[in-house]
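Below, chains carry the letters A, B, ... as their sequence lines are ordered, and counting in each starts from 1. The basis for the numbers below is simple: all heavy atoms, side chains too, and nothing from hydrogens, waters or symmetry mates.
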2 protein chains.
Amino acid sequence: MFSVSEEDHLKAIFKIAEKEKKAVSTNSIAAYMNTAPASVTDMLKKLADKDLIQYQKYKGVTLSPSGSKVAIQLIRKHRLWEVFLVEKLKFSWEEVHEIAEQLEHIQSDDLVLRLEKYLEFPKFDPHGDPIPNMDGKFTLRSQWSVAELLPGHTGIILGVREHDKSFLLYLNDMKIKLGTSIKVLQKTTYDQSLRILIDGRFENLITKNVAHQLLVKKV
Amino acid sequence: MFSVSEEDHLKAIFKIAEKEKKAVSTNSIAAYMNTAPASVTDMLKKLADKDLIQYQKYKGVTLSPSGSKVAIQLIRKHRLWEVFLVEKLKFSWEEVHEIAEQLEHIQSDDLVLRLEKYLEFPKFDPHGDPIPNMDGKFTLRSQWSVAELLPGHTGIILGVREHDKSFLLYLNDMKIKLGTSIKVLQKTTYDQSLRILIDGRFENLITKNVAHQLLVKKV
DNA sequence: AAAAATATTTAGGTTAGTCTAAATTTAATT
DNA sequence: AATTAAATTTAGACTAACCTAAATATTTTT
């Protein structure tokens, strides 16, 4: 239906729009995709012709309903494949992104439905990101970052904001994964770094930024 | 490493060479791939430059050791994914080819190894074709076509030569699948069509050609 | 509000992978 | 062996997806 490059651009627009509310700029897409801005402009024209985006020269883009649908289906496929890779093939959470980037472009609606059923309809992927259902609906849940927890309070890791491989390896070293309990022992007033207790066993110091990347439910 | 089109051409050459012993012709590749012969010529030049084939103008091509390796690895991935689709996702054997054609191009050696392990090292795919191991070795076994069975003798279906969807659906209708027993009741001398008994329960008439496509072990 | 900086688009070019039509080589037939 | 037919290659062109450099629009700063 759509080319890999078209799909990738739509996904990039979706991801960027998720964070910043305004129209998505050409340069931000280029930065996200590691391509030249001029290449993005070319693609935006094509996507606009196909009514996948709203595009006005120099004014940035927003996804149309059909463009949004394509992006969400891609994200759905990506996350379902990540669950497969981790749950079934026993990959670690930092290894699956590149492979899922390829698998998400496999075209077969039936495949996605059967995969989802086989995985028993997971609602979140191995990084804690929600998996949209067939209709593009994401499951919502209340979650806080560890940075928001008050000293003395505990949370259970639901997910991570940062997906960088080195960050995930750092968490592995600290024995932090989905389901791990994090108790905030102390917050430094100087730089807001935190002393935490991991699974009631390991004490460690994390920066404010790291705390911001860790998403938990309060217990 | 290699593009999808390069891989597809190498696989086509391998498949054609499997049947016909001589050097593979440009036209046969074009026919197999549904492309113009001129496009094949272009690609052959490229593959020859990369030492993936032996190519002399007008003389046809043969795979080099490295080209052969690429082709066999593709076939390996294709067949492993087919096993996954049928065994785990419960696709029917006539539905999996197109999806596996896409999946075979996913690049990750680790993925293939883990998939193979997850599937418990299958040696044959859902059509009974052998799955080469990591080193490119195919498992051999003695097999005959039903056309070779003498009246009164029985075989167990090991695989099919023909992979066409309509043929597989025809077998479904006749309740023939891998493991099914086939007893030859009678051979017509006129056109060598056969009356067979399927799983000791259903009697049916098949043409000589159909019998030739059905591979069995003798019992 | 003008100048400077930044963002974006346009213009023109490249490569991979395809095509058709014409030219050439090889194979088959008379 | 010459002619015809078939197979193959060459020549030239197209599209998708990229690029760089230059031009233009927008935003920020003085």
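- Atoms CG (B:D49) and P (C:dT15) sit 15 Å apart, rounded to a whole Å.
- Between the CG atom of B:N27 and the P atom of C:dA27 there is a distance of 13 Å, rounded to whole Å.
- The side-chain heavy atoms of B:F124 and B:I131, taken from C-beta on, include no pair separated by under 4.5 Å.
- Atom NZ in B:K45 sits roughly 14 Å away from atom P in D:dT8 (whole-Å rounding).
- Classified by interplanar angle (parallel below 30°, tilted 30° to 60°, perpendicular above 60°), the ring pair A:Y170/A:F167 is tilted.
- Non-hydrogen atoms lying under 4.0 Å from DNA chain C are contributed by nothing in residues 4-22 of chain A.
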In B/S/- notation, 5' to 3', how is nucleotides 23-29 of chain D contacted by protein heavy atoms closer than 4.0 Å?
-BSS---

Please step through salt bridge (charged side-chain N to carboxylate O under 4.0 Å, His left out) for the pair A:K90 and A:E95, ending with a clear verdict.
CA-CA 10 Å; A:K90 307 304 178 190; A:E95 301 176 303; over 6 Å; no

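- Proximity of B:S5 to B:M43: side-chain heavy atoms (C-beta onward) are separated by under 4.5 Å at one or more points.
- The side-chain hydrogen bond (donor to acceptor under 3.5 Å, both in side chains) check on B:D51 picks up nothing, with sequence neighbours excluded.
- Using a 4.0 Å cutoff on non-hydrogen atoms, the parts of residues 28-44 of chain A near DNA chain C are A:P37, A:A38, A:T41, ordered by number.
- Atom CG of B:L47 and atom P of D:dT9 are 13 Å apart (whole Å).
- With sequence neighbours left out, the salt bridge (Lys or Arg N to Asp or Glu O under 4.0 Å) criterion links A:E148 to no other residue.
- A heavy-atom distance below 4.5 Å is not found between the side chains of A:F91 and A:F84.
- Aromatic ring pairs are classed by plane angle as parallel below 30°, tilted from 30° to 60° and perpendicular above 60°; the pair A:F138 and A:F14 is parallel.
- Residues passing the ring pair (Phe, Tyr, Trp, His ring centres under 6.0 Å) test with A:H163 are A:H127, sequence neighbours excluded.
- Exactly one of B:R79, B:R76, B:K77 qualifies for a salt bridge (charged side-chain N to carboxylate O under 4.0 Å, His left out) with B:D125. That residue is B:R79.
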